[in-house]
Amino acid sequence: MGELGAFLKIERRGNPERAPEQRKSDYREFVEVLPDPELAQQGSRCMECGIPFCHNGCPLGNLIPDWNDFVYRGRWREASDQLHFTNNFPEFTGRLCPAPCEAACVLEIREGEAVTIKQIEEAIGDRAWQEGYVKPQPPEQRTGHSVAVIGAGPAGLAAAQQLNRKGHLVTVFERDEAGGGLMRFGVPDFKIEKWVIERRLDQLVEEGVRFEYGVDVGVDVSVETLRDSFDAVVIATGSRVPRVLEVPGSELAGVHPAMDYLYQRNRWVARQSGAEPVGAPPPPADSEVISAAGKHVVVIGGGDTGADCVANSLREGAASVTQVELVGEPPARRPDDLTPWPRWPVKLRTSYALEEGGERDFAVSTTGLSGSNGRVERIHWVQNSGKPPFDPVPGTEETHPADLVLLAMGFLHPEPGLLESLGVQRDARGNVKAGAYATSVEGVFAAGDARRGQSLIVWAINEGRQCARVVDGYLEHRDPRDPADELSVGSSLRTGSPDMGADPPQKAAYGRGGGIAG
């Protein structure tokens, strides 16, 4: 496995990045990967661990040491096969996943020494496309069963691809004008360019998955029609209800949920680049444009969404950008008494956006917003204790200019309208109650953030795959809705098809039909 002792001789090298001052002037991806020889060296650092904890750190159960070794030996096709066996979309996770696998790497016992798993994963994913390893894999036979997937984010796409490859006819309903979910409309192009998403969508279409864009289930098509037309329904709508800021002045113009701003910026970039999807809404009226240009911007929330707001504001030419977090400043290094290896460490991280500019403050409680003529102009806050219940510190009250306030405080639960129409039970947090992916309504299933709450892209893909396995088992024991359908010949091929869940065999079965290559 790798090169004996390489981890003692070769230093970790992360992804090269374009300089912050250079990349602030455009919307192109700024994270790159090392050249092949250096990637091979990084792969060689992977030890032959007695217990590869990276497997446990990865929600998809990726066989990480295996494809690290393939990259070290220059066997890119086999690396692609092994990676795609457990992950439908490695070029997505290679760009957007925070890499809990690296936190669980045995080398990370010495903090900062983990194998650069995420970089290698992205390189494999992109190389697979460049070399033509990724090809459509339509099923050889159809089962006659049909499945409706509501939502074209990573969970919905993973479920759709897995179910289609089992022979079921899958239709994905998406209320936006294109697929990808928040990968397309929330995450900026400088983190993932949208052609990366489009080529996967093209693959799904060529495999037989049908997409209905601009269709809001429950509005444009009734849930009764959906239930009558399909043998199973998968809810993969994400968790889209944002947390609200309950302080005086939060109703003022210029205070917006972060996703409203990011949706506008991503659509603006698509129009400017000539990549606007068919069916995209017209540009907003001047009075509805959310712009940071020339404004004092305050971003409330310190996660990835907040960072994306900071970076977009800087690219627009904001007068100033300040990001504030409710919690106190975490320690600079992994606190082993709180989050020891291999747990995800709670420690200070500086986002790519703050490397580009802006300021950050911790332990801040917003107490109010004020302005004139109905528009926000200032934000009022106080320093707090840094941990629950976040008691205010007397004498630390401050006021700052704020022409645009973006609320990036996370999401609460899925939008309730569709769930109420379907009649599915919800848990105490408002998520779909579907412990084993099946909801309280027969034939209706749930996956992704709609089921588990706001989470990571790698969890979304895992959820889609696991849900697909449950749906396939449900359909296996039911007669097709329309056995006379000319596409419904025989039953789905269950041997040699891609793995359906998060518990893969130890080795991929190369060359057996049902392709592992994409």
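Heavy atoms only: backbone and side chains are in, while hydrogens, waters and symmetry mates are out.
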Heavy-atom check, side chain of [X] versus side chain of [Y], under 4.5 Å:
X: Phe92; Y: Val187; value: no
X: Glu356; Y: Val310; value: no
X: Leu39; Y: Arg127; value: no
X: Leu204; Y: Phe211; value: yes
X: Leu475; Y: Thr143; value: no
X: Arg271; Y: Pro283; value: yes

Verdict with supporting geometry, Phe190 and Asn312, side chain to side chain contact (heavy atoms under 4.5 Å, CB included):
CA-CA 10 Å; Phe190 42 84; Asn312 268 293; 4.0 Å; yes

Is the shortest distance from a Lys or Arg side-chain nitrogen in [X] or [Y] to a carboxylate oxygen in the other one below 4.0 Å?
X: Arg77; Y: Glu131; value: no
X: Asp189; Y: Arg315; value: no
X: Lys191; Y: Asp304; value: no

Please check if the side chain of [X] supplies one atom and the backbone of [Y] the other of a donor-acceptor pair under 3.5 Å.
X: Lys24; Y: Leu314; result: no
X: Asp403; Y: His296; result: yes
X: Gln119; Y: Arg13; result: yes
X: Glu102; Y: Ile117; result: yes
X: Asp231; Y: Ser146; result: yes
X: Gln42; Y: Glu11; result: yes
X: Lys194; Y: Ile192; result: yes
X: Arg95; Y: Glu193; result: no
X: Gln454; Y: Ser239; result: no
X: Glu207; Y: Gln137; result: yes

Partner residues of Arg184 under the side-chain hydrogen bond (donor to acceptor under 3.5 Å, both in side chains) criterion, sequence neighbours left out:
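Only Glu198 meet the side-chain hydrogen bond (donor to acceptor under 3.5 Å, both in side chains) criterion with Arg184.
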
Will you find, in the side chains of [X] and [Y], an N or O donor that is under 3.5 Å from an N or O acceptor?
X: Gln203; Y: Arg200; result: yes
X: Asp308; Y: Tyr352; result: yes
X: Trp129; Y: Glu91; result: yes
X: Arg469; Y: Gln466; result: yes
X: Arg360; Y: Thr350; result: yes

Go through Glu355 and Arg23 one step at a time and tell me if the salt bridge (Lys or Arg N to Asp or Glu O under 4.0 Å) criterion holds.
CA-CA 11 Å; Glu355 292 174 352; Arg23 70 197 192 214; 3.6 Å; yes

Going by salt bridge (charged side-chain N to carboxylate O under 4.0 Å, His left out), name the residues that satisfy it together with Arg267, two or more places apart in sequence or in a different chain.
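So Arg267 forms a salt bridge (charged side-chain N to carboxylate O under 4.0 Å, His left out) with Asp176, Glu177.
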
Step by step, would you call Tyr263 with Phe185 a ring-ring contact (aromatic ring centres under 6.0 Å, His included)?
CA-CA 5 Å; Tyr263 256 69; Phe185 296 105; 5.0 Å; yes

OG of Ser291 to CD of Gln264: how many Å apart, nearest 0.5 Å?
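If I round to the nearest 0.5 Å, the distance is 9.0 Å.
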
Intermediate values then yes/no, side chain to side chain contact (heavy atoms under 4.5 Å, CB included), Arg265 and Glu316
CA-CA 10 Å; Arg265 294 311 303 163; Glu316 277 200 88; 3.5 Å; yes

